[in-house]
Amino acid sequence: MKVLIIGGVAGGATAAARIRRLDEEAEIIVFERSGYVSYANCGLPYYIGGIIEDPKELTLQTPESFFMRFRIKMKVRHEVTAIHPEKKTVSVKDLESGREFEESYDKLLLSPGAKPAQPRVPGTGIEKLFTLRTMEDTFQIREYIERNHPRSAVLAGGGFISLELAENLREMEMDVTIVQRPKQLMKPFDADMASFIHSEMRRNGVKLMLGYTVEGFAERDGGVDVLLKDEEPLHADMVVMAIGVTPDTRLAKEAGLKLGVRDSIFVNDRMETSAEDIYAVGDAVQVQHYVTGEDALISLAGPANKQGRIAADNICGGDSRYPGSLGSSVIKVFSLTAAATGINEAAAKRAGIDADKVILSPMSHAGYYPGGKMMTMKAVFERGTYRLLGAQIIGYEGVDKRIDVLAAAICAGLDAVRLKDLDLAYAPPYSSAKDPVNMAGFMIENISKGILKQFHLDDVPGLLKDGSVTRLDVRTPGEYARGHIEGFTNIPVDELRERLGEIAPEKPVYVICQSGLRSYIAARILAGNGFDCYNFSGGFRFYDTVMHERALIEEAYPCGMDK
């Protein structure tokens with residue numbers, strides 16, 4: 001059996017090695033148009049910033065090491081220019097010699113990945129405008145920085161690459177501005193949770209211009225002007241385009257393969273395309289979202305590697321199936337860790353799912369053990385069925401392990417109430433006896449039993465205008481004095497039983513504290529005394545962070561202005 005693979009990074013390299021492990025006799029040839037194979041895309045920003053010093057650390061294998069171990073021919077600097085399904089051949093160009101030839105196959109695997117999205121605006125070809133996808137892109141950016149010592153950079157886009165690059169450029173003491181059309185960074189997060197990411201970026205000196213549209217680029221005074229709609233241009237020494245990626249599917253399209261969303265390659269759960277003996281994996285393929293069942297594009301290394309393994313199994317006569325992508329991700333944002341899995345609240349609404357959520361602020365480990373730090377967790381579930389839909393966590397220690405537990409729970413089909421039953425490891429330096437994941441489950445169980453009734457941030461404006469309700473802040477007088485929501489009366493929770501006479505018994509009571517715990521206790525006291533009461537999800541800390549960030553965004557981008 002002769003197998004050709006187009007693309008030698010995540011999915012392609014994984015598939016090649018798996019095929020060899022399953023079939024010692026197969027002839028395997030990988031064509032990769034860049035000069036590198038099996039490299040760590042996710043590490044590229046950290047090489048630019050000098051965190052990773054040796055570029056060899058980014059390459060997990062070389063063509064030579066791949067051949068030595070697997071007897072797989074890795075043809076770097078070779079570009080496949082056409083696929084001929086009817087002849088079962090591909091056209092190839094050696095980019096170094098210019099030689100062109102055809103290569104036959106029994107099985108063909110496409111793993112072309114995705115390419116940086118390029119807006120159709122003037123100036124995208126200027127010298128000081130960069131994209132970041134390949135090792136060559138990385139070396140070009142780092143060499144430019146080392147040679148020219150730029151003092152300022154504009155990053156167009158607010159996803160993973162942009163945030164990681166912003167952090168690394170700030171560590172090099174560069175002035176960094178992120179500009180993008182949406183009013184929040186990091187699409188996997190809801191806008192309220194993204195406020196914590198915004199705050200950390202601003203705290204570390206990254207300027208955010210959210211809600212602004214880039215209309216082009218122009219060279220001026222030795223640097224680059226970023227042209228903005230209805231605004232003065234931004235001037236910087238360099239610009240990096242990081243507005244997202246699009247599937248690199250030209251070959252598939254020209255070969256007549258069936259395409260899916262955003263011109264991605266359509267595949268079934270065996271990673272088979274519409275053409276016989278042609279498979280596809282990675283960022284270029286359409287998959288099903290594990291939660292919604294909808295067609296999706298999920299450009300992450302984990303799914304690409306799993307798909308490569310599944311395609312290899314099937315190429316070798318097996319029957320492996322890809323169950324869909326959950327989209328679990330994690331990112332370092334200066335001192336913070338931000339992680340997400342499944343779908344967020346906004347995505348649930350777009351999918352027509354009636355979603356509810358709990359927001360909590362647990363400590364990373366036992367409060368009596370030194371060094372614990374607070375995290376903010378948002379768990380999203382389907383109202384009524386309590387199906388767990390997704391989660392977002394932002395904090396410091398322990399964020400990654402909690403998101404992995406929640407991802408595993410979704411894959412296992414656990415409903416959100418069952419989070420309370422998970423038997424998770426505990427020792428004071430690592431967790432609490434009631435782990436944050438368990439705490440989310442306890443809260444959701446209370447909702448399911450009618451013990452806990454919540455109100456949320458977007459309910460507050462209406463409540464402030466409603467004279468038929470009581471609004472109560474149960475923090476200490478000192479906390480209340482340092483900041484509170486106007487219209488909420490302060491009665492500390494420890495004084496509440498003695499001061500019930502100050503609260504009108506016929507009115508619903510809406511209660512808030514700093515994190516949501518004391519207000520829950522207050523709500524139970526009130527309920528036990530015949531009051532109809534609601535607890536604020538997330539607490540004043542959450543409210544204050546989100547509202548402060550919203551004010552900063554609206555100040556820079558007033559409501560009603562079309563930019």
Side-chain angles (χ1 to χ4, degrees), residues 41 43-53 55 58 115-182 185-186 197-198 200-245 331-334 552 556-557 563:
N41 297 73
L44 301 183
Y46 299 100
Y47 175 71
I48 291 172
I51 303 298
I52 298 172
E53 297 180 356
L58 294 170
K115 56 188 177 183
Q118 289 279 13
R120 296 179 180 177
V121 296
T124 53
I126 63 179
E127 184 182 354
K128 298 177 180 65
L129 179 64
F130 303 91
T131 59
L132 182 55
R133 180 200 184 198
T134 66
M135 292 282 286
E136 286 86 350
D137 295 336
T138 309
F139 296 147
Q140 186 181 11
I141 293 172
R142 179 155 167 172
E143 287 168 7
Y144 176 82
I145 292 172
E146 291 176 344
R147 185 173 64 251
N148 296 281
H149 306 290
R151 304 306 309 155
S152 60
V154 169
L155 311 181
F160 290 93
I161 289 291
S162 186
L163 267 64
E164 290 167 346
L165 191 54
E167 177 178 347
N168 279 277
L169 296 181
R170 281 297 298 147
E171 293 294 334
M172 301 168 75
E173 300 185 351
M174 290 178 63
D175 184 87
V176 178
T177 301
I178 293 177
V179 56
Q180 70 161 7
R181 185 181 301 168
L185 303 174
M186 295 300 293
I197 298 174
H198 297 174
E200 181 72 2
M201 298 294 283
R202 295 184 198 274
R203 190 177 70 83
N204 284 277
V206 178
K207 301 179 180 70
L208 302 181
M209 294 190 67
L210 307 177
Y212 292 83
T213 300
V214 175
E215 293 198 319
F217 308 92
E219 293 186 272
R220 182 174 67 84
D221 297 337
V224 183
D225 272 350
V226 180
L227 310 178
L228 304 176
K229 184 179 181 181
D230 300 330
E231 291 292 332
E232 292 297 314
L234 289 174
H235 188 75
D237 296 330
M238 62 181 291
V239 174
V240 180
M241 290 294 299
I243 62 173
V245 295
I331 183 172
K332 178 181 179 294
V333 185
F334 293 96
L552 289 175
Y557 181 16
K563 292 190 178 178

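This structure is a prediction, so every number in the text was calculated from the model and none was measured. The first residue of the sequence shown is numbered 1, and numbering continues consecutively from there.
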Inter-residue atom distance L185.CG - E200.CD, 0.5 Å rounding: 12.0 Å
If you look only at pairs with a residue in residues 167-179, which of them pass as a side-chain hydrogen bond (donor to acceptor under 3.5 Å, both in side chains), with sequence neighbours excluded? E167-K332, D175-K207
Evaluate the side-chain proximity of N204 to V333: yes if any heavy-atom separation is below 4.5 Å, no if none is. no
Residue pair F334, M201: steps toward the side chain to side chain contact (heavy atoms under 4.5 Å, CB included) verdict: CA-CA 8 Å; F334 293 96; M201 298 294 283; 3.7 Å; yes
Nearest 0.5 angstrom please: L163 CG to M186 CE, how far? 6.0 Å
pair L552-R202: side-chain heavy atoms closer than 4.5 Å: yes
Please report the interatomic distance OH(Y46) to CG(L165), rounded to the nearest 0.5 Å. 10.0 Å
Could you tell me if the side chain of P182 sits less than 4.5 Å from the side chain of L210, heavy atoms only? no
Report the distance from atom CG of L129 to atom CD of Q118, rounding to the nearest 0.5 Å. 7.0 Å
Is there side-chain contact between L44 and D137, with heavy atoms separated by less than 4.5 Å? no
Using a 4.5 Å cut-off on heavy atoms from C-beta on, say whether the side chain of I197 contacts that of I331. no
With side chain to side chain contact (heavy atoms under 4.5 Å, CB included) as the test, pick out the partner of P116 among T134, I243, I161, T131. T131
Can you give me the closest heavy-atom contact between Q180 and G158, atom names plus distance? OE1-N, 2.9 Å
L228 vs L234, side chain to side chain contact (heavy atoms under 4.5 Å, CB included): CA-CA, chis, key distance, verdict: CA-CA 8 Å; L228 304 176; L234 289 174; 3.9 Å; yes
V154/V224 under side chain to side chain contact (heavy atoms under 4.5 Å, CB included): CA gap, chis, key distance, verdict: CA-CA 9 Å; V154 169; V224 183; over 6 Å; no
Without swapping roles, check the side chain of S162 against the backbone of L155 for a donor-acceptor pair under 3.5 Å. no
Could you work out, with ring-ring contact (aromatic ring centres under 6.0 Å, His included) as the rule, every residue matching Y144, not counting sequence neighbours? F130
Taking the side chain as C-beta and beyond, is there a heavy-atom pair between I141 and M238 under 4.5 Å? yes
So does D237 get a backbone contact from the side chain of S152, meaning a donor-acceptor N/O pair under 3.5 Å? yes
Between NZ of K128 and CD of E219, what distance do you get to the nearest 0.5 Å? 5.5 Å
Sub-4.5 Å side-chain heavy-atom contact between F217 and D225: no
Y47 backbone acceptor or donor facing R142 side chain under 3.5 Å: yes
Taking all heavy atoms of V176 and all of A166, pick out the closest pair and write down the distance. CG1-CB, 3.9 Å
Would a distance-only check, ignoring hydrogens and angles, find a side-chain to backbone donor-acceptor pair under 3.5 Å from E164 to P45? no
Is it true that, when you exclude E53 itself, more than 12 heavy atoms of the residues, nucleotides or ligands shown sit nearer than 6.0 Å to its CD? no
Value rounded to 0.5 Å, distance of CD in Q140 from CD1 in I145: 11.0 Å
Are M172 and L169 side-chain neighbours, meaning at least one heavy-atom pair lies under 4.5 Å? yes
